[in-house]
There are 2 protein chains.
Amino acid sequence: MPDPVVVLIEDEPQIRRFLRATLTGQGYRLFEATTGADGLVEVGSRQPDVVIVDLGLPDIDGIDVIRRLREWTDVPIIVLSARGQERDKVTALDVGADDYVSKPFGAGELLARIRVALRHTAGASHEGDDAAFQVGELRLDLLRRQVFVGDREVRLTPIEYKLLATLVRHAGKVVTHAQLLRDVWGPTHTDQAHYVRVYLAHLRHKLEAEPARPRYLLTEPGVGYRLATE
Amino acid sequence: MPDPVVVLIEDEPQIRRFLRATLTGQGYRLFEATTGADGLVEVGSRQPDVVIVDLGLPDIDGIDVIRRLREWTDVPIIVLSARGQERDKVTALDVGADDYVSKPFGAGELLARIRVALRHTAGASHEGDDAAFQVGELRLDLLRRQVFVGDREVRLTPIEYKLLATLVRHAGKVVTHAQLLRDVWGPTHTDQAHYVRVYLAHLRHKLEAEPARPRYLLTEPGVGYRLATE
DNA sequence: ACGAGCCGTAAAAATCTCGTAAAAATCCGC
DNA sequence: GCGGATTTTTACGAGATTTTTACGGCTCGT
């Protein structure tokens, strides 16, 4: 691996300075953001190998930053926090963080935990890890949560967007009704297949030129749906 | 996932009791070992989804237990330890542990970290299994659930696909009528052998150049069917 | 040669699935 | 609390799929 890329989302200048020295000294390429909003953009553009995020950010809550990241990337996320509350740890880990380090922390421990995170990604492939998806006229910016058909932006409701995002994450593969229901509506609604039908119709009306003759949102009869790839 | 299996390697009875209550209460299947040597055997025989190791064991050093495990398995290892020394943490993580929790710890945090570990293995198994089968002009992509004859995609109904997939799983070997009925229609229809005949005819029409003179879907009179290999 | 049982084929009948529209309930910002 | 947007329910016809039925050919042992 070339020098691993790390994005650090942290507002306290003192800690930023400390980590900058520690990480660059170890051969990491470091990019910094001081707000959650900046952090999301930075991760989108730098495609890092690890993200370190402080929970106490000035704008967005750190938990929300993690949630937003997890909508489109599996990059390892290490949480840094002064709050030692167990509830914070559990929440952060459950919304998608991979590790949690409480302040004050030692440089050695953080570095070791970064090495663990890198070890994990070493095996996995990064194919779906792109913030944008495109097929034909249809384009999706997972980072900004925007959808375009040609150069026209299409507004989607939260459920419509989640459904489309789920299909995009498995682009080209069939996604079963049950899987869509689990991902979009949660594990308690896995038997209400008509939800999916209704919303697929919505999506087709908004995204397809001929909703009755779909080019992107394909039906796999008896099984589920598939988003066409080239 | 069925109930995840956890192996706990811990000598202190008090902590063992605490974790037993916590973990089994959450639906985990727990197997315990009180020494490093036992632990290694237990992991070998139980094939767990997560291993929890205490560093302070009576016989082998916990660090060595991790090293020994990493010689042959990638199962997630979570370290438990009273020693809060940073050097211990770094060593444990660097020899292959995935996480480190210092005593005293909260049940919620440990459970959250176990969920993180399980999430990692769940994702790993999904990648890379680009299972495809090919014989002659006939090609089956199990992952994308697509079937091709030459470069033409053939659409199959759910039953047709299940039937073909079952034959592919046992490619080259004879699959009996009863087995096909059980796999495709479920264990309650094992006496309706004509179903199989009807659908084999469908498949041959869709897949074979000369349905009356099949090249791939071969009949084994009186027994069942067989999918030809090269 | 003959009948029994198995196999392939076709087509009718029963059932299920999908897309669609629209009403009812709920949520959300003001 | 109001009004618009969104989500949840409900209903139904067209079409596809599955199930059922029927029949003719084949093999094999007698």
Side-chain angles (χ1 to χ4, degrees), chain A residues 145 147 153-167 174-227, chain B residues 145 147 154-167 174-186 188-227:
Chain A
R145 278 174 153 277
V147 182
E153 181 180 355
V154 178
R155 295 186 47 81
L156 297 183
T157 71
I159 288 205
E160 286 165 2
Y161 181 83
K162 266 205 223 174
L163 185 58
L164 181 59
T166 302
L167 287 168
V174 178
V175 188
T176 63
H177 302 124
Q179 194 168 348
L180 289 169
L181 285 163
R182 205 177 37 249
D183 279 20
V184 178
W185 280 271
T188 54
H189 297 71
T190 44
D191 50 348
Q192 274 141 298
H194 51 277
Y195 285 16
V196 180
R197 276 202 300 271
V198 169
Y199 274 89
L200 246 294
H202 290 177
L203 283 178
R204 280 178 176 152
H205 267 104
K206 291 188 173 183
L207 303 177
E208 298 274 4
E210 296 177 83
R213 207 177 298 278
R215 216 179 116 200
Y216 310 119
L217 298 162
L218 310 179
T219 301
E220 291 291 331
V223 191
Y225 294 88
R226 176 209 306 273
L227 186 67
Chain B
R145 205 175 186 288
V147 182
V154 178
R155 308 195 58 84
L156 298 183
T157 70
I159 289 205
E160 287 165 3
Y161 182 85
K162 267 203 224 172
L163 185 58
L164 181 60
T166 302
L167 288 169
V174 180
V175 188
T176 64
H177 301 124
Q179 192 166 351
L180 289 170
L181 284 163
R182 202 175 41 248
D183 277 21
V184 178
W185 280 271
T188 54
H189 296 70
T190 44
D191 50 348
Q192 275 140 295
H194 52 279
Y195 284 15
V196 181
R197 277 202 298 277
V198 170
Y199 274 89
L200 247 294
H202 289 177
L203 281 179
R204 280 177 177 152
H205 266 105
K206 290 189 173 182
L207 304 176
E208 299 274 6
E210 295 178 83
R213 204 177 298 277
R215 215 179 117 200
Y216 309 119
L217 299 162
L218 310 178
T219 302
E220 293 289 334
V223 191
Y225 295 88
R226 180 160 60 89
L227 186 66

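Side chains included, hydrogens not; waters and symmetry mates left out as well; all remaining heavy atoms used. The structure presented is a predicted model; accordingly, all values stated were derived computationally and were not measured. Below, chain A is the first sequence line, B the second, and so on; all start at residue 1.
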Practice problem: Please report the C-alpha distance between A:Tyr161 and A:Arg145 in whole Å, then the side-chain angles of each, then the deciding distance to 0.1 Å, and finally whether the side-chain contact (heavy atoms from CB on, under 4.5 Å) criterion is met. | Solution: CA-CA 8 Å; A:Tyr161 181 83; A:Arg145 278 174 153 277; 3.4 Å; yes
Quiz item: B:Asp191 and B:Leu181: side-chain contact (heavy atoms from CB on, under 4.5 Å), yes or no, with the steps?
Solution: CA-CA 8 Å; B:Asp191 50 348; B:Leu181 284 163; over 6 Å; no
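Comparing B:Val198 and B:Ala193 against DNA chain C, the residue whose closest nucleotide sits nearer the 5' end is B:Ala193. Each of A:His202 and A:His194 lies near DNA chain D, and the nucleotide nearest A:His202 is the one positioned closer to the 5' end.
The side chain of B:Trp185 contributes an N or O atom lying less than 4.0 Å from OP1 or OP2 of D:dT19. In this structure, B:Tyr195 does not reach the D:dT18 phosphate: none of its side-chain N or O atoms is under 4.0 Å from OP1 or OP2.
Rounded to whole Å, atom P of D:dT8 lies 15 Å from atom CG of A:Leu200. What separates NE2 of A:His189 from C1' of D:dT7 is a distance of 11 Å, to the nearest Å. Following rounding to the nearest Å, B:Leu181 (CG) and D:dT19 (P) show an atom-to-atom distance of 11 Å. Look at CZ on A:Arg197: it is 17 Å from P on D:dG15, rounded to the nearest Å. D:dC26 atom P lies 12 Å from atom CZ of B:Arg213, rounded to whole Å.
The side chain of A:Thr157 lies closest to D:dT6, out of D:dT19, D:dT6, D:dT8.
Applying the side-chain hydrogen bond (donor to acceptor under 3.5 Å, both in side chains) test to B:Tyr199 and every residue at least two apart in sequence or in another chain returns nothing.
Across all strands, B:His205 comes closer than 4.0 Å only to sugar-phosphate atoms, never to a base (heavy-atom distances).
Residues A:Arg204 and A:Thr219 bring a donor and an acceptor atom of their side chains to less than 3.5 Å of each other.
Applying the side chain to side chain contact (heavy atoms under 4.5 Å, CB included) test between B:Tyr225 and each of B:Thr176, B:Val175, B:Leu180 identifies B:Leu180 as the sole match.
Looking only at side-chain heavy atoms (C-beta outward), B:Leu218 and B:Leu227 stay at 4.5 Å or farther from each other. Using a 4.5 Å heavy-atom threshold, the side chains of B:Tyr195 and B:His189 count as touching.
Along DNA chain C, read 5' to 3', the first and last nucleotides having any atom under 4.0 Å from a heavy atom of chain A are C:dT17 to C:dA21.
Residues from residues 158-165 of chain B with heavy atoms under 4.0 angstrom of DNA chain C: there are none.
Taking OG1 of B:Thr190 as the reference point, atom CG of B:Asp183 lies at 12.0 Å (rounded to 0.5 Å). Atom CG in B:Leu167 sits 11.0 Å away from atom CZ in B:Arg226 (nearest 0.5 Å).
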